[in-house]
Amino acid sequence: MTQNLTIARPDDWHLHLRDGAMLEAVLPETARHFGRAIIMPNLVPPVVTGAQAAAYKDRIMAALPEDMQFEPLMTLYLTEDSDPEDIAAAHASGLIKSVKLYPAGATTNSASGVSDFKNVRAALDKMAEIGLPLCVHGEVTDHDIDIFDREAVFIDRVLDPIRKATPGLRVVMEHITTKDGVAYVRDNARDLGATITTHHLIINRNHILVGGIKPHYYCLPVAKREEHRLALREAATSGDARFFLGTDSAPHLDGDKESACGCAGCFTATNTMALLAHVFEEDGKLENLEAFASRNGPGFYGLPVNDGTITLTKNEQATVFPDKIESANGPVTVFDPGYDVFWTVAD
Ligand code: DOR
Ligand code: ZN
């Protein structure tokens, strides 16, 4: 028996589209199902100024197939040289919806990120003043901190002090991976939200390492223990308005992942909505999928929920997703949950 679920068209509140040939290849995968996405600025060189964000937005719109509708919500990459007035102007014009904080060296293309937080004080104060959210990659980069502890330590050492020093600053904790992240959001009612990825609801650290190393499950922040995955599942499926979908779909060419020094990132744009329907159904919370994927994000950002809808269908046959999508420079592997999924997005 088929089962249908129609929800408001979802948005992706954390997405990597890249540029050039990769942008051309991956953009339709997101635009097929999603109305809007917060576009990560970690290009090389990064998208730091309003002018760079406007040019990047133009490239995204030029790559969008004519029969598709999609709105990229642009972000600026915060550096120690970012100009608060340029940030404010890009916000006032409606071009950008947030500024992204990468601690220097935390992840892919984060070398231009922040080392000394007092050097971004003026930018943060300006953002608090104008109500522009800060999206945070929440991991410390200290060599003596174990990679599995870097999110929890970031909350104590960096995030909480920044929030206390900047009253009114609205913060999105991006791609939380721990029960500590969930608890921090729950304990701090004001001005705080968190995105959760599809893959962190599905894999724990064993999936990466047991039975041979699985480069396509490696991302940052790295997946943690099972107890953390379960905390994320509970938060995402709860309907709590502070948790919303940010896939962090992050394409890399297969050759760059299947390597002695493989890149971080899971590419989930193609099958995210079907996988989420599976996850929410498994937890008996299908009725909250719309809140997580379509309503809570616009609520946080003060934007309207999308007008359109998508319909998810559960079939008797397992859905066949493509293993890879092709770009002009080579293939990109689509995230494989490791089990059959019977949901699909109806065309
Ligand atoms: O896994 C990740 N990939 N995490 C990030 O923070 C960056 C991203 C990328 O750009 O590839
Ligand atoms: Zn990301």
Side-chain angles (χ1 to χ4, degrees), residues 11-20 22-23 25-27 29-30 34 37-47 56 72-78 97-114 133-141 147-148 150-151 154 158-159 172-178 181 194-205 207-208 213-224 232 244-259 261-269 272 297 325 327 329 332-335:
D11 302 301
D12 185 346
W13 299 96
H14 182 131
L15 177 67
H16 298 269
L17 285 177
R18 317 297 191 204
D19 217 339
M22 187 64 96
L23 169 63
V26 300
L27 178 57
E29 300 302 297
T30 286
F34 292 89
I38 285 273
I39 309 301
M40 286 296 120
N42 63 332
L43 305 182
V44 188
V47 179
Y56 186 29
L73 306 175
M74 306 310 291
T75 63
L76 299 183
Y77 187 120
L78 186 64
K97 293 290 178 273
S98 77
V99 171
K100 175 75 188 230
L101 166 64
Y102 288 104
T107 187
T108 311
N109 303 337
S110 62
S112 313
V114 177
L134 180 71
C135 287
V136 176
H137 183 109
E139 290 189 286
V140 292
T141 54
I147 189 167
F148 292 100
R150 287 178 173 199
E151 180 171 298
F154 182 89
V158 183
L159 181 59
V172 182
M173 294 172 70
E174 302 269 60
H175 43 50
I176 55 170
T177 59
T178 57
T195 58
I196 301 178
T197 76
T198 307
H199 49 282
H200 288 117
L201 297 174
I202 295 175
I203 60 168
N204 63 32
R205 64 193 199 175
H207 292 86
I208 310 170
I213 195 159
K214 313 293 190 316
H216 296 290
Y217 288 159
Y218 174 61
C219 66
L220 288 170
V222 70
K224 310 293 193 299
L232 299 173
F244 42 96
L245 174 63
T247 67
D248 198 11
S249 182
H252 293 277
L253 295 175
D254 279 356
D256 293 333
K257 289 204 56 84
E258 298 164 9
S259 148
C261 185
C263 294
C266 297
F267 178 70
T268 56
T272 274
I325 62 154
S327 82
N329 295 329
V332 175
T333 290
V334 175
F335 178 79

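Keep in mind that what you see is a predicted model, and the values were worked out from it rather than measured. Both ligands and their constituent atoms are indexed starting at 1 by order of listing.
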Q: Considering only non-hydrogen protein atoms, determine which one is nearest to atom 5 (C) of ligand 1 and report residue, atom name and distance to 0.1 Å.
A: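 Looking only at protein heavy atoms, the one closest to atom 5 (C) of ligand 1 is Thr107 OG1, 3.0 Å.
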
Q: Which of the listed options, Glu139, Glu174, His252, holds the heavy atom that is closest to atom 11 (O) of ligand 1?
A: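 Selected option, by shortest heavy-atom distance: His252.
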
Q: Is the backbone of Asn109 close enough, under 3.5 Å, to the side chain of Asn42 for a donor and an acceptor to pair up by distance?
A: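 No.
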
Q: Near Ala250, which atoms of ligand 1 are under 4.0 Å from a heavy atom of that residue?
A: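 Within the 4.0 Å cut-off of Ala250, ligand 1 contributes 3 (N), 8 (C), 9 (C), 11 (O).
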
Q: Below 4.0 Å from any atom of ligand 1, is there a heavy atom belonging to Lys257?
A: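 Lys257 does not count as a contact of ligand 1 under the 4.0 Å cut-off.
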
Q: Specify which N/O/S atom of Asp248 comes nearest to the Zn ion (ligand 2), by atom name.
A: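 It is OD1 of Asp248.
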
Q: Looking only at distances, can you tell me whether any N or O atom of Gly265, backbone or side chain, sits closer than 3.5 Å to an N or O atom of ligand 1?
A: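 Yes, there is a polar N/O contact under 3.5 Å.
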
Q: N/O/S atom of His16 under 2.8 Å from the Zn ion (ligand 2), yes or no?
A: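 Of the N, O and S atoms in His16, at least one lies under 2.8 Å from the Zn ion (ligand 2), which means yes.
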
Q: Evaluate side chain to side chain contact (heavy atoms under 4.5 Å, CB included) for Asp11 paired with Phe244, printing each intermediate quantity in order.
A: CA-CA 9 Å; Asp11 302 301; Phe244 42 96; over 6 Å; no

Q: With a cut-off of 4.0 Å, which atoms of ligand 1 are near a heavy atom of Leu220?
A: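 Those atoms are 1 (O), 2 (C), 4 (N), 5 (C), 6 (O).
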
Q: At less than 4.0 angstrom from any non-hydrogen atom of Cys219, what atoms of ligand 1 do you find?
A: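 Selected atoms, number and element: 1 (O).
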
Q: Tell me, which protein residue and heavy-atom name are nearest atom 3 (N) of ligand 1, and how many Å apart are they?
A: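 In this structure, atom 3 (N) of ligand 1 has Ala264 O, 3.0 Å as its nearest protein heavy atom.
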
Q: Record the part of Asn109 in heavy-atom contact with ligand 1 below 4.0 Å; permitted values are side chain, backbone, both and neither.
A: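 No part of Asn109 comes within reach of ligand 1.
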
Q: Please determine if Tyr102 has a nitrogen or oxygen closer than 3.5 Å to a nitrogen or oxygen of ligand 1.
A: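 By distance alone, the answer is no.
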
Q: With heavy atoms of His137 as the reference, note each atom of ligand 1 found under 4.0 Å away.
A: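 With His137 as reference, the close atoms of ligand 1 come out as 6 (O).
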
Q: How far does CD of Glu139 sit from OG of Ser110, to the nearest 0.5 angstrom?
A: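 Glu139 CD to Ser110 OG: 9.5 Å, rounded to 0.5 Å.
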
Q: For the Zn ion (ligand 2), decide whether His137 has an N, O or S atom at a distance under 2.8 Å.
A: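 Checking the Zn ion (ligand 2) against His137, no N, O or S atom falls under 2.8 Å.
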
Q: For His252, run the side-chain hydrogen bond (donor to acceptor under 3.5 Å, both in side chains) check against Arg18, Lys257, His16 and tell me which one passes.
A: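 Looking at Arg18, Lys257, His16, the match for His252 under the side-chain hydrogen bond (donor to acceptor under 3.5 Å, both in side chains) is Arg18.
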
Q: For the residue pair Lys224 / Thr177, report whether a side-chain donor-acceptor contact shorter than 3.5 Å exists.
A: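 Indeed, the side chains of Thr177 and Lys224 share at least one donor-acceptor pair under 3.5 Å.
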
Q: Using the six-membered ring wherever Trp is involved, compare the ring planes of His137 and His175 and label them parallel, tilted or perpendicular (cut-offs 30° and 60°).
A: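 Perpendicular: the ring planes of His137 and His175 meet at over 60°.
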
Q: Which ligand 1 atoms does His16 reach within 4.0 Å, using its non-hydrogen atoms?
A: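 Checking each atom against His16, I get 7 (C), 8 (C), 9 (C), 10 (O).
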
Q: Stepwise, does the side chain to side chain contact (heavy atoms under 4.5 Å, CB included) test hold for Phe34 with Leu245?
A: CA-CA 11 Å; Phe34 292 89; Leu245 174 63; 3.8 Å; yes

Q: Parallel, tilted or perpendicular for His199 and Phe335, by the 30°/60° rule?
A: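 Ring orientation of His199 relative to Phe335: tilted.
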
Q: Would you say that more than 12 heavy atoms from the other residues, nucleotides or ligands in this model lie under 6.0 Å from the CD1 of Ile147, or not?
A: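 Atom CD1 in Ile147 is packed in, count exceeds 12.
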
Q: On the 0 to 90° scale, with breaks at 30° and 60°, tag the Tyr77-Tyr102 ring pair as parallel, tilted or perpendicular.
A: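 The rings of Tyr77 and Tyr102 sit tilted, inter-plane angle from 30° to 60°.
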
